[in-house]
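A note on names: the letters A, B, ... follow the listed sequences, proteins ahead of strands, and every chain is numbered from 1. Only a predicted model underlies this, so the values are computations on that prediction, with no experimental measurement involved. Reckoned from all heavy atoms, side chains included, excluding hydrogens, waters and symmetry mates.
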2 protein chains.
Amino acid sequence: MLTKASSLSRLVGELKKLPGVGERTALRLAFHLLKSPQNLTTLAEALLEVRAKVRTCSTCFAITEDDPCTICSGRRDTGTICVVENSQDLMALERSNAYHGVYHVLEGAISPLAGVGPDALRISELLERIHRGGVNEVVIATNFSVEGEATALYLAKLLKSVNIKVSRLAHGIPLGSDIEFVDAATVQWALQGRNEL
Amino acid sequence: MLTKASSLSRLVGELKKLPGVGERTALRLAFHLLKSPQNLTTLAEALLEVRAKVRTCSTCFAITEDDPCTICSGRRDTGTICVVENSQDLMALERSNAYHGVYHVLEGAISPLAGVGPDALRISELLERIHRGGVNEVVIATNFSVEGEATALYLAKLLKSVNIKVSRLAHGIPLGSDIEFVDAATVQWALQGRNEL
């Protein structure tokens, strides 16, 4: 049997660092990988490749392999900047195929409880981009959490001084959902933002 | 943003091969790893180390780094062989600290539906060990599933020809459980196997 200091125990220890993975899951994953040694190698290689290749775009701070990223260097409307908290949110917006501007990743949201102030975010870099000119609109797409809303308000206030249109993603009833089960605050937003047909 | 063929997509693809990990979880794990590049490297190294070092013991077929394994080469009662389906089961028995003999890992269980016959298991190697002599008892600790029970019955029949004691782990009420909620078959086993106090 394997001793405590063995390579398998080390692998289990590393897997346990992943979110939502405890001792039992880590052990199960490790034994699964052991059954197909080829997967051990390809996973290790994929990890090292990501470590070597993935960086953040020096313009928008999205996760990328090329700098500038494919969005910043692509044929996009550079007059519109969509501000998101992280690259995962950016990917969700891209999946919608409804946005043709560029992005700016804040790398977080203002959270006094976690000690994250505006200076910890990529806000100065956003202002720099705007001051360079050519930007007509900033779409704030931070999350609708306390931290995301606080960040949105902070940005809106900050951008008021610059003569620029600032918008926020619309609140409302999600597609396919039953109004009966939607929370009251969302229904309130949906009513206030109702559109004429 | 990352293109389809990027290293991050490849990593997500590799993570998706793990049991219980879908597209969303894989993406979440990948982004978690990206946040701490040091973990990317240590996980990759742990994987490669396991690939390089971990093998099966040539005597008992348990997963090990040394051959023979620490159990086969340790001060254990080699007259008792406990037969298990896999190394995970072996580790569970070791955690009990109640067994002092050696093991034999079958590397599976008889499963006609999955096309696994007795020849696919390490049964001939077990018989060889017994024929070499010095074995007094074989404790069958295959799982109490259909496949595990079939394997246990097959082994018991096979070992009848050799003059050897064959035993099976006891059925009964698990420790700390409420008899009210234990299934009828288990209660039946517990009654039949009742011990005098």
Side-chain angles (χ1 to χ4, degrees), chain A residues 1-3 5-15 17-21 25 27-54 56-57 60 62-66 69-72 74 86-88 90-91 93-94 103 107, chain B residues 1-3 5-15 17-21 25 27-54 56-57 60 62-66 69-72 74 86-88 90-91 93-94 103 107:
Chain A
M1 210 201 47
L2 284 159
T3 52
S6 70
S7 58
L8 189 67
S9 302
R10 250 194 305 277
L11 176 58
V12 169
E14 286 300 320
L15 290 169
K17 291 185 192 167
L18 296 171
V21 177
T25 310
L27 209 60
R28 194 164 53 96
L29 295 178
F31 273 106
H32 175 89
L33 285 164
L34 263 179
K35 264 181 224 151
S36 49
Q38 186 50 42
N39 282 354
L40 273 173
T41 317
T42 50
L43 177 55
E45 283 169 357
L47 287 162
L48 293 174
E49 200 187 356
V50 161
R51 165 88 147 132
K53 286 191 182 170
V54 174
T56 52
C57 172
C60 73
I63 275 168
T64 180
E65 285 189 6
D66 310 300
C69 70
T70 50
I71 293 179
C72 286
N86 52 48
S87 293
Q88 288 106 301
L90 183 159
M91 287 163 99
L93 284 158
E94 281 297 288
Y103 291 91
E107 296 187 337
Chain B
M1 212 204 43
L2 286 160
T3 52
S6 71
S7 58
L8 189 66
S9 301
R10 250 193 307 275
L11 176 58
V12 169
E14 287 299 323
L15 290 169
K17 290 184 193 166
L18 296 171
V21 177
T25 309
L27 210 59
R28 194 164 53 94
L29 294 179
F31 273 105
H32 175 87
L33 285 165
L34 263 180
K35 264 181 224 151
S36 48
Q38 186 49 43
N39 282 354
L40 275 172
T41 318
T42 50
L43 177 54
E45 284 169 356
L47 288 162
L48 293 174
E49 202 188 352
V50 161
R51 167 89 147 130
K53 287 191 181 171
V54 174
T56 52
C57 173
C60 72
I63 275 169
T64 180
E65 287 191 4
D66 310 300
C69 71
T70 49
I71 293 179
C72 287
N86 53 48
S87 293
Q88 287 106 299
L90 183 158
M91 286 163 99
L93 285 158
E94 280 297 287
Y103 291 92
E107 295 186 338

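- Put simply, the side chain of A:L18 does not reach to within 4.5 Å of the side chain of B:N39, judged on heavy atoms.
- Between B:T42 and A:E14, the shortest heavy-atom contact is OG1-OE1, 2.8 Å.
- Across all their heavy atoms, B:R51 and A:T41 have their closest contact at NE-OG1, 2.7 Å.
- For the atom pair A:L40 CG and B:L48 CG, the distance stands at 8.0 Å (nearest 0.5 Å).
- In terms of heavy-atom pairs under 4.5 Å with chain B, the best-connected choice from A:V12, A:L29, A:L15 is A:L29.
- Under the rule for a side chain to side chain contact (heavy atoms under 4.5 Å, CB included), the partners of B:N86 that lie at least two apart in sequence or sit in another chain are B:Q88, B:D89.
- In this structure, B:V50 and A:L33 have side chains that are not in contact, with every pair of non-hydrogen atoms separated by 4.5 Å or more.
- When all heavy atoms of B:V54 and A:S7 are compared, the pair lying nearest together is CG2-OG, 3.4 Å.
- Remark: A:E49 pairs with A:K53, B:R10 by the salt bridge (Lys or Arg N to Asp or Glu O under 4.0 Å) rule, at least two apart or across chains.
- A distance of 4.5 Å separates CD1 of A:I63 from CG of B:L34, quoted to the nearest 0.5 Å.
- Between chain A and the residues B:C60, B:A52, B:P37, the most heavy-atom pairs under 4.5 angstrom are made by B:P37.
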